[in-house]
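Note on naming: letters A, B, ... go to the chains in the order of the sequence lines (proteins, then strands), and numbering restarts at 1 for each one.
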Amino acid sequence: TTRSWDFMGFSEQVKRVPAVESNVIVGVLDSGIWPESPSFDHAGYGSPPAKWKGSCEVSANFSCNNKIIGARSYRSNGEYPEGDIKGPRDSDGHGTHTASIVAGGLVRRASMLGLGLGTARGGVPSARIAAYKVCWSDGCSDADILAAFDDAIADGVDIISGSLGGSGARDYFNDSIAIGSFHAMKKGILTSLAVGNNGPDFTTIVNFSPWSLSVAASTTDRKFETKVELGDGREFSGVSVNTFDIKGKQIPLVYAGDIPKAPFDSSVSRLCFENTVDLKLVKGKIVVCDSLTVPGGVVAVKGAVGIIMQDDSSHDDTNSFPIPASHLGPKAGALVLSYINSTNSIPTATIKKSTERKRKRAPSVASFSSRGPNPITPNILKPDLSGPGVEILAAWSPVSPPSGAEEDNKRVLYNIISGTSMACPHVTAAAAYVKSFHPTWSPSALKSALITTAFPMSPKHNPDKEFGYGAGHINPLGAVHPGLIYDASEIDYVQFLCGQGYTTELLQLVSEDNNTCSSNNSDTVFDLNYPSFALSTNISKPINQVYKRTVTNVGSKYATYKATVINPWKNLEIKVNPSVLSFKNLGEKQSFEVTIRGKIRKDIESASLVWDDGKHKVRSPITVFIAN
Amino acid sequence: NYDSQKTYIVYMGSHSKGKVSTSSHHIRLLKETIGSSFPPHSLLHSFKRSFNGFVAKLTEAEVKKVSEMEGVISVFPNGKKQLH
């Protein structure tokens, strides 16, 4: 966060409503929290808001304060994994990281052992945190997640942040997070969720219910570069988060492919799988491996001084390691191997401490960020939008190795990690920030504000287009003034579910209203008042699809909005009727239809609808794509 | 055969007309559906505050019976999710 908020123009000096922001309670479902972190210093915070009905699981070594006003842990089976701390204290670091991204206070000169130096801060630093520990070292059980939602909703939180998810798609009411976030929505609480780290394959998104906000991860303009200098003086730029400084010392270099351990040969040992490399020959050396390993993977070269990994995998999935490490691309990697094979003296290299560099073409979607389309309801665009999730510096638990590897002896108060887990709390904070200006807005109104004001992202540099970034990158300042919002109520979601095959009887149990399904036609999806437009179609099928939408005026009392369709595809005709909406009151609602006709010619064809009154640009992505 | 039990989530939607369902209510429902031999300790947790449902250890045959119980929306295994 020492860069991420500034990157999106959300400086320390942005306008705030402190009295309201300090009443915002963010519920964080994660691995707990480290209350002594400087990010959670409660000096200057008043008593918890009167609406707070939650509790703190106090113990001899854990208590809450005026910043962390609630903390509970959930372990329904009562059996605790070895090494985990019972209670809400975060023995992992992840929950502390995400909570501080949302609502950590300002901490000057924060860094990870010198890297990423700056002011660490949450998006809503005055807000209060309620930590719900549902994740342990063996995962996060559905029973515990639901129990935490059950409590958080009743406790009076305003927003829920969930940087967790399953490994595949489940129907809405067979998924604990979709169920929990539905009941949160019913009570006016927005749930912001990470989409998962299974990209870049399509349909890997795991949190996609239309009543929640699904967040993808993207880069900021800061990156960490880790240089490797060979004994002959040549230098190559790699990536990693390397806090080690070996002061330029040249260390003997060995290629893992040259030191296989029987029965394996070079073709296996070169990839540095565990037990395939002769550990006697790595001692005191830097080992070159032909693959990118996870931090714990350095056990394969146990005893080595450092590791140089080289392959063509993405350079945005960076990690810190228990030993000095750098990840080179294949060209640089080939030159390193050629040097090892050709030098007349003992090959040597050094791995330098990482330095900050400006990343060009930011933001772009992280390779690891899960992609749409929505696996259950393809005609609802998911993810909704993206936020910073690459190399984010935020608070950490000082008992947990920053790389996650057991072999890592470092202990830090701030750690740099990547994931949609990090993107999600940025968006949660942006939603909380908007809510501090508009406390009465519904979850869908907050969603709409964030989606329609998102900074557009480049389809050229992000070939998966909306399936990578949704509407684009969050713009917290812009989202305060969206002009128009696409609102939706519980009843609207129930009507949507009718079309998804749920019966009236079942939906009456869910919504406790006497709503009936007026239509069980799957086309109800096109009438859900969603702030984006998606159409899954067939290449040979002529398209003729109508979407019904209603917008609410939240900008200027008197305003005339004109619709502009940005559509680069001649094969698709997109019409808006009416194309002009005139408002005479705030809160006034007006309806319109979008019709898409034609035939699809490419896998994904993107367009957008912009309502413009000269002051606000209310932008909705339109994505037409080939099913499967 | 309680050796073959697994933990399941039984989701029952909202609390009916604001009435909170208690653990004893859920045990009563389970006994009515599965049989009076259902051991109360197999009910691991009841969701009481914001929505209706419970977590219980059930056999596959019991899952089938509970799925058909009035007021049940879904029954699914208590799986594991991961941090992202």
Undergrad: Begin with the C-alpha distance, continue with both residues' side-chain angles, and end with the deciding distance and a verdict on salt bridge (Lys or Arg N to Asp or Glu O under 4.0 Å) for A/D142 and A/R170.
TA: CA-CA 12 Å; A/D142 286 316; A/R170 279 181 173 188; 3.4 Å; yes

Undergrad: With chain B as the partner, which of A/S163, A/S167, A/G139 has the greatest number of non-hydrogen pairs under 4.5 Å?
TA: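 If we count pairs closer than 4.5 Å to chain B, A/S163 comes out on top.
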
Undergrad: With a 4.5 angstrom heavy-atom cut-off, is it the side chain or the backbone of B/I9 that approaches chain A, or both, or neither?
TA: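 Only the side chain of B/I9 comes within 4.5 Å of chain A.
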
Undergrad: Can you confirm whether the side chains of A/S386 and A/S218 place a donor and an acceptor under 3.5 Å from each other?
TA: yes

Undergrad: Show the numbers, then the answer: is there a salt bridge (Lys or Arg N to Asp or Glu O under 4.0 Å) between A/K133 and A/D92?
TA: CA-CA 11 Å; A/K133 180 172 173 178; A/D92 179 275; over 6 Å; no

Undergrad: Identify which of A/G196, A/G419, A/C135 forms the greatest number of heavy-atom pairs closer than 4.5 Å to chain B.
TA: A/G196

Undergrad: Need one label for B/F51: side chain, backbone, both or neither, based on atoms under 4.5 Å from any heavy atom in chain A.
TA: both

Undergrad: Taking 4.0 angstrom as the limit, do B/K81 and A/D175 come out as a salt bridge?
TA: yes

Undergrad: May I ask you to name which of A/S31, A/S176, A/G95 has the most heavy-atom pairs under 4.5 Å with chain B?
TA: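 Highest number of pairs under 4.5 Å: A/S176.
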
Undergrad: Flag the one option from A/N174, A/L506, A/T503, A/I153 with the top tally of heavy-atom pairs under 4.5 Å to chain B.
TA: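 When all of A/N174, A/L506, A/T503, A/I153 are compared, A/N174 has the most.
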
Undergrad: Would you mind checking which part of A/V134 comes under 4.5 Å of any heavy atom in chain B, side chain (CB onward), backbone (N, CA, C, O), both or neither?
TA: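 For A/V134, there is no contact with chain B at all, as no heavy atom is under 4.5 Å.
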
Undergrad: Would you call B/E68-B/K64 a salt bridge at under 4.0 Å N-O?
TA: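 Looking at B/K64 together with B/E68, the answer is yes, because their closest N to O distance falls below 4.0 Å.
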
Undergrad: Is any side-chain heavy atom of B/R49 closer than 4.5 Å to one of A/D155?
TA: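 Side chain of A/D155 against side chain of B/R49, heavy atoms only: contact under 4.5 Å found.
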
Undergrad: Counting heavy-atom pairs under 4.5 Å with chain B, which one of A/I177, A/T420, A/N198, A/D151 comes out on top?
TA: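 Of the candidates given, the most pairs with chain B belong to A/D151.
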
